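Just below is one structure, and these are the notes that go with it.
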There are 2 protein chains.
Amino acid sequence: MNILLIEDDDVLADGLTHTLSDSGYCVTVAKTGTYAEHLLKAEGFDLIVLDLGLPDMDGLQLLRKLRSQKLSLPIMILTARDDLNDRIEGISQGADDYMTKPFELRELEARLHALIRRCYGGFSHIIEVGSLQLDTSSQKILAKGELLSLSAREYAVLELLLMQNGKVISKDKFAQHLSLQGDALTDNAIEVYIHRIRKHIAPYDVGIRTFRGLGYLLENKLND
Amino acid sequence: MNILLIEDDDVLADGLTHTLSDSGYCVTVAKTGTYAEHLLKAEGFDLIVLDLGLPDMDGLQLLRKLRSQKLSLPIMILTARDDLNDRIEGISQGADDYMTKPFELRELEARLHALIRRCYGGFSHIIEVGSLQLDTSSQKILAKGELLSLSAREYAVLELLLMQNGKVISKDKFAQHLSLQGDALTDNAIEVYIHRIRKHIAPYDVGIRTFRGLGYLLENKLND
DNA sequence: TCAAAACTGTCAATAACCTTACAGCTAATG
DNA sequence: CATTAGCTGTAAGGTTATTGACAGTTTTGA
């Protein structure tokens with residue numbers, strides 16, 4: 001995780017660099033806004049810690065500038081000013097959080113963690129097989145990025161195949177997974193759904209292999 | 001935007017409810033942790049404001065419990081305790097931000113805005129799908145820059161589609177998000193609203209796609 | 001070669017959805 | 001206050017997609 005620390009005070013910069021490095025972050029210090037902008041163009045940072053009191057440029061101004069350039073990084077601002085308006089201004093200008101100096105390093109660390117978790121702790125639950133992608137949280141199955149339009153039943157069947165990827169799924173399993181209240185599906189009904197799904201995914205690099213008497217397996221046609 | 005306020009102090013709860021309602025949020029108050037849990041199961045909130053000093057349950061405990069249930073809502077905690085450890089503990093237990101009492105309402109509002117922006121809109125306070133724009137801070141929906149005149153219900157439906165952009169939203173979800181006072185909406189009511197919204201956005205490049213048996217998805221008609 | 005298992009297209013019943021009309025209600029307006 | 005306009009949810013009829021049974025065909029493995 002790369003952090004850009006925009007801070008002109010050597011002592012504070014050193015302290016922060018030390019603490020954050022110890023927690024496993026990679027910290028780069030920019031002493032001026034101009035240099036920070038330069039670094040941002042070149043390198044891939046994940047988070048910015050910005051002290052509003054800079055020598056060459058007003059911090060809020062820099063903040064505005066960065067956001068107007070569609071920079072989407074999370075930004076934590078540090079300020080010595082205890083003025084409420086400044087703090088609100090900072091947040092409404094696009095900062096994600098701020099801390100007022102003097103602050104406890106441990107608290108800054110905790111807040112940075114929260115910020116990172118919220119921004120990158122992507123809970124995207126995507127299962128991939130070949131060019132198929134199952135996104136369980138958004139209830140979608142994509143093939144080569146295109147949204148497959150499946151019926152509820154078809155979705156449920158393909159979902160099971162993807163979730164249990166690598167396993168041979170018996171018709172009983174499908175019936176269990178599909179039937180809401182006891183009334184079991186016939187084996188043939190499952191066959192029908194497998195048939196329909198095969199039609200849907202025919203253009204792509206995955207197929208459903210039959211294991212006679214056992215069930216079905218989703219597999220990548222190319223390399224296993 | 002539905003906010004669950006977990007707060008036992010009537011005065012504070014009333015004040016917050018007023019302020020946030022004025023800013024266009026729909027606020028529900030839970031006076032106990034137990035009741036909050038109950039509400040969270042039944043209804044669709046977008047944000048939680050949690051006071052750590054609750055009568056029936058330790059706030060941190062509730063926080064831990066919610067997170068362990070994989071609840072991914074953004075959470076802002078309020079605390080009277082000035083103890084650094086408590087604050088850090090709160091954040092590391094999964095809160096996204098905190099404020100120490102007493103605080104300025106304006107600042108809380110600004111922070112809530114920042115939280116919403118970060119969680120639902122990337123770095124911007126505007127969520128864009130095609131030529132539709134949801135402005136989460138002013139609670140407006142624009143289409144090609146023009147303000148859509150939607151009724152409260154229509155707005156709520158489209159808001160959910162935009163906030164959960166990319167996800168297939170079931171009718172249950174809509175019902176949860178819309179009915180914050182017990183009485184559930186029928187499926188048909190949702191269908192009627194979808195119909196009305198389709199009329200509104202017909203001239204533009206976004207549409208609502210039906211997934212039979214699953215729900216609805218907002219999508220850009222042109223490129224995905 | 002035979003029987004079992006799986007495949008496939010058709011079809012009627014059904015469930016899901018769309019659409020319009022309307023009645024009760026609320027909020028604004030004169 | 002009375003009137004109007006708009007919002008909200010229900011009802012009802014029409015439309016379409018889904019579902020699973022069926023029956024004929026093909027494949028498989030012993």
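Every value quoted in this text rests on a predicted model; they were computed, and no experiment measured them.
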Nearest of dT19(D), dG9(D), dA21(D) to any side-chain atom of A189(A)?
dA21(D)
Is the closest side-chain donor-acceptor distance between E128(A) and Q133(A) under 3.5 Å?
yes
Got a sec, which residues hit ring-ring contact (aromatic ring centres under 6.0 Å, His included) with H18(B), two or more places apart in sequence or on another chain?
none
Please list, chain by chain and in numerical order, all residues satisfying side chain to side chain donor-acceptor pair (under 3.5 Å) with S21(B), sequence neighbours excluded.
none
Who passes side chain to side chain donor-acceptor pair (under 3.5 Å) against Q93(B), sequence neighbours left out?
E89(B)
Whole angstroms only, please: what is the [atom1]-[atom2] distance between [X] and [N]?
X       : N       : atom1 : atom2 : value
F211(B) : dT16(D) : CZ    : C1'   : 16 Å
L150(B) : dC7(D)  : CG    : C1'   : 13 Å
L185(B) : dC7(D)  : CG    : C1'   : 13 Å
R196(A) : dA17(D) : CZ    : P     : 14 Å

Using the salt bridge (Lys or Arg N to Asp or Glu O under 4.0 Å) criterion, which residues pair with [X]? Sequence neighbours excluded.
X       : value
R67(B)  : D96(B)
K171(A) : E191(A)
R196(A) : none
R64(A)  : none

Letter per nucleotide, 5' to 3', of nucleotides 23-30 of chain D [B base touched, S only sugar-phosphate touched, - untouched; heavy atoms, 4.0 Å]:
B---BBS-
Taking side chain to side chain donor-acceptor pair (under 3.5 Å) as the cut-off, I'd like each qualifying pair that reaches into residues 4-16 of chain B, sequence neighbours left out, listed once.
D10(B)-K31(B)
Please report how far the helix from dT1(C)-dA30(D) to dG30(C)-dC1(D) bends, comparing the axis fitted to its first five pairs with the axis fitted to its last five, to the nearest 10 degrees.
30°
Boundaries of the DNA chain C segment in contact with chain B, non-hydrogen, under 4.0 Å
dA16(C) to dT20(C)
Pairs satisfying salt bridge (charged side-chain N to carboxylate O under 4.0 Å, His left out), at least one member in residues 129-138 of chain B, at least two apart
none
side-chain N/O T186(B) vs dT10(D) OP1/OP2, d < 4.0 Å:
yes
